[in-house]
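In this text, all values refer to a predicted model and were calculated from it rather than measured experimentally. Along the sequence shown, the residues carry numbers beginning at 1.
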Amino acid sequence: MENLLFSLNATMPVFLMMLLGVLFRRIGWLSEDTAGKLNSFVFKALLPVLVFSDLATVDFAVLWDTKFVLFCFFATLGCILIAWAVSLLWRDKTIRGEFIQASYRSSAALLGVAFIQNMYGTSGMAPPDDDRQRAAV
């Protein structure tokens with residue numbers, strides 16, 4: 001039961017924000033044009049600022065983990081190849097590229113940051129100061 005409550009506490013705020021967006025769109029408080037502009041603003045302005053602020057203070061020489069970077073690279077490549085293979089099932093070849101890109105490059109970064117912050121209290125693109133960094137100093 002504790003795990004269920006933990007999971008609900010992490011996912012419900014994000015889910016409720018999505019429902020609010022649908023509600024605002026249906027009652028006319030948020031037009032499709034406004035939603036598109038807000039989406040563009042988040043991806044072109046706010047997300048880069050978040051990434052920069054998280055990475056600006058990180059000492060990569062201390063925190064670099066080659067095995068983890070290679071794992072992430074090959075996991076992403078594997079997802080792309082799986083999406084490509086699945087896209088071969090479509091007869092309409094014009095949507096294959098869009099499907100492949102959307103399969104591995106969705107809003108996972110935005111949702112992931114929200115879920116991590118709800119679960120652990122802080123979020124970031126790089127790990128915070130930890131024992132490895134303190135030991136190196």
Side-chain angles (χ1 to χ4, degrees):
M1 187 65 157
E2 184 179 331
N3 290 336
L4 175 64
L5 290 176
F6 180 78
S7 298
L8 288 175
N9 284 332
T11 56
M12 287 309 291
V14 175
F15 180 71
L16 291 175
M17 288 297 290
M18 292 166 55
L19 284 180
L20 274 176
V22 170
L23 176 70
F24 291 165
R25 177 73 180 99
R26 291 215 175 155
I27 63 175
W29 286 5
L30 192 63
S31 69
E32 191 168 332
D33 184 52
T34 303
K37 288 179 181 177
L38 286 172
N39 191 34
S40 179
F41 176 67
V42 166
F43 277 98
K44 293 179 181 176
L46 297 181
L47 189 58
V49 168
L50 175 66
V51 171
F52 177 79
S53 66
D54 285 344
L55 297 179
T57 59
V58 174
D59 183 2
F60 286 101
V62 173
L63 296 177
W64 183 261
D65 185 356
T66 303
K67 288 180 185 178
F68 182 68
V69 171
L70 290 174
F71 168 78
C72 290
F73 171 78
F74 286 114
T76 303
L77 180 63
C79 290
I80 293 169
L81 293 174
I82 290 170
W84 171 78
V86 170
S87 77
L88 295 176
L89 300 174
W90 271 269
R91 292 186 179 167
D92 183 5
K93 295 180 181 181
T94 62
I95 64 167
R96 284 185 182 172
E98 183 178 344
F99 172 78
I100 294 167
Q101 184 183 29
S103 295
Y104 76 91
R105 191 192 161 266
S106 62
S107 298
L110 294 177
L111 291 175
V113 169
F115 284 129
I116 290 170
Q117 192 161 5
N118 287 340
M119 287 189 289
Y120 301 111
T122 59
S123 64
M125 301 294 148
D129 292 338
D130 63 0
D131 294 333
R132 290 181 295 167
Q133 191 168 9
R134 283 190 283 279
V137 174

*Joint hydrophobic cluster, Val42 plus Leu30, side-chain heavy atoms closer than 4.5 Å*: no

*Run through the side-chain heavy atoms of Ile, Leu, Val, Met, Phe, Trp and Tyr, join any pair under 4.5 Å, and report what else lands in Val22's cluster.*
none

_All side-chain contact (heavy atoms from CB on, under 4.5 Å) counterparts of Ile82, not counting sequence neighbours_ = Val86

*Among all residues two or more places apart in sequence or in another chain, which pass the side-chain hydrogen bond (donor to acceptor under 3.5 Å, both in side chains) test with Glu98?*
none

*Partners passing ring pair (Phe, Tyr, Trp, His ring centres under 6.0 Å) against Phe41 (at least two apart in sequence or in another chain)*: none

*Does Val49 share a hydrophobic cluster with Leu46, counting links as ILVMFWY side-chain heavy atoms below 4.5 Å and allowing steps through other members?*
no

*Would you mind listing every side chain to side chain donor-acceptor pair (under 3.5 Å) that reaches into residues 77-93, with sequence neighbours excluded?*
Asp92-Thr94

_side-chain hydrogen bond (donor to acceptor under 3.5 Å, both in side chains) involving Arg96 - partner list, sequence neighbours excluded_ = none

*asked:* Listing request: all salt bridge (charged side-chain N to carboxylate O under 4.0 Å, His left out) pairs with a residue in residues 26-43, at least two apart in sequence or in separate chains.
replied: Arg25-Glu32, Asp33-Lys37

*asked:* List the residues meeting side-chain contact (heavy atoms from CB on, under 4.5 Å) with Phe74, not counting sequence neighbours, and say none if there are none.
replied: Leu70, Leu77

*asked:* Suppose clustering is done on Ile, Leu, Val, Met, Phe, Trp and Tyr with side-chain heavy atoms closer than 4.5 Å. Which residues sit in the same group as Phe52?
replied: none

*How would you list, by chain and number, every residue that makes a side-chain contact (heavy atoms from CB on, under 4.5 Å) with Ser40, sequence neighbours excluded?*
Lys44

Going by atom type alone, with no hydrogens or angles, which donor-acceptor pairs under 3.5 Å involve a side-chain atom of residues 14-21 and a protein atom two or more places apart or on another chain?
none

*Thr34: side-chain hydrogen bond (donor to acceptor under 3.5 Å, both in side chains) partners, not counting sequence neighbours*: Ser31

